[in-house]
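Residues: numbered from 1 along the sequence shown.
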Amino acid sequence: MRRALFPWGLLALGVLLLARLVLVETDQGERLLLLLPWSRGEVAFVNSVTGKPVRLFFYPLWDFRGFRALTDPETEAYYTGGEYAWNEALARERRRDLLYCSEVGLSLALGPWRFRAEGGCLRARLLFPP
């Protein structure tokens with residue numbers, strides 16, 4: 001008797017279609033990550049002017065999107081000059097490439113992976129889907 005592979009094959013195809021391939025570049029080298037679209041991304045750093053922490057959250061859908069920031073009002077005003085709602089502007093952002101640099105230090109989390117940089121940069125590029 002033959003075993004039906006169709007449900008497993010369909011499941012594997014579905015996972016491949018949902019997969020997001022992200023290349024992370026650090027000063028120590030490159031790492032290729034396989035993420036799902038509901039994986040969460042986060043960049044965290046301390047603003048060098050206000051001395052307050054900033055956290056940026058996002059998701060890897062067809063691009064990096066769904067950005068929102070978490071910080072104190074003084075730091076938000078530093079970035080916006082008090083002229084606009086920062087999270088509303090961030091929510092409209094769509095990027096395939098993220099680059100963050102810091103002399104003090106920053107961290108990038110993508111799904112279960114964590115990367116840190118001090119006096120350097122972290123870059124994440126969404127390779128698939130194209």
Apply side-chain hydrogen bond (donor to acceptor under 3.5 Å, both in side chains) to [X] and list each qualifying residue two or more places apart in sequence or on a separate chain.
X: E42; value: R55
X: T50; value: N47, T75
X: R125; value: E25

Nearest non-hydrogen partners of [X] and [Y], listed with the distance:
X: A19; Y: P129; result: O-CD, 4.3 Å
X: Y59; Y: P37; result: CB-O, 4.1 Å
X: P60; Y: L36; result: CG-O, 3.7 Å
X: S39; Y: G111; result: CB-CA, 4.3 Å

- Task: Could you name each residue pair satisfying salt bridge (charged side-chain N to carboxylate O under 4.0 Å, His left out) that touches residues 74-87, not counting sequence neighbours?
- Result: none
Just wondering, do [Y] and [X] contact through their side chains at under 4.5 Å, heavy atoms?
X: L32; Y: L21; answer: yes
X: F58; Y: R40; answer: no
X: L110; Y: V22; answer: yes
X: L33; Y: F115; answer: yes
X: E30; Y: V24; answer: no

- Counting distance only, does the side-chain N/O of R95 pair as donor-acceptor with the main-chain N or O of E93 below 3.5 Å? no
- Task: For R31, check salt bridge (Lys or Arg N to Asp or Glu O under 4.0 Å) against everything at least two apart and list the hits.
- Result: none
- Message: By the ring-ring contact (aromatic ring centres under 6.0 Å, His included) test, which pairs, at least two apart or in different chains, include something from residues 24-47?
- Response: none
Taking disulfide (SG to SG under 2.5 Å) as the cut-off, I'd like each qualifying pair that reaches into [range], sequence neighbours left out, listed once.
range: residues 46-89; answer: none
range: residues 54-116; answer: C101-C121
range: residues 45-97; answer: none
range: residues 31-94; answer: none

Separation of [Y] [atom2] from [X] [atom1] (nearest 0.5 Å):
X: E88; Y: T80; atom1: CD; atom2: OG1; answer: 11.5 Å
X: D27; Y: L122; atom1: CG; atom2: CG; answer: 7.5 Å
X: L98; Y: L126; atom1: CG; atom2: CG; answer: 9.0 Å

Tabulate below the donor-acceptor pairs under 3.5 Å that side-chain atoms of residues 64-71 make, not counting sequence neighbours, or state none.
residue : atom : partner : partner atom : Å
R65     : NE   : D63     : OD1          : 2.6
R65     : NH2  : D63     : OD1          : 3.0
R65     : NH2  : D63     : OD2          : 3.4
T71     : OG1  : P53     : O            : 2.8

- Message: Grouping I, L, V, M, F, W and Y whenever their side-chain heavy atoms are under 4.5 Å apart, do L108 and L90 come out in a common cluster?
- Response: yes
- Check the hydrophobic clustering (I, L, V, M, F, W, Y; side-chain heavy atoms under 4.5 Å; chains of links allowed) and say if W86 and F57 are grouped together. no
- Item | Pairs flagged by side-chain hydrogen bond (donor to acceptor under 3.5 Å, both in side chains) wherever residues 96-121 is involved - sequence neighbours left out | D97-R123
- Query: Can the positive tip of R94 be found less than 6.0 Å from the middle of the six-membered ring of W62, inside 45° of the ring normal?
  - Reply: no
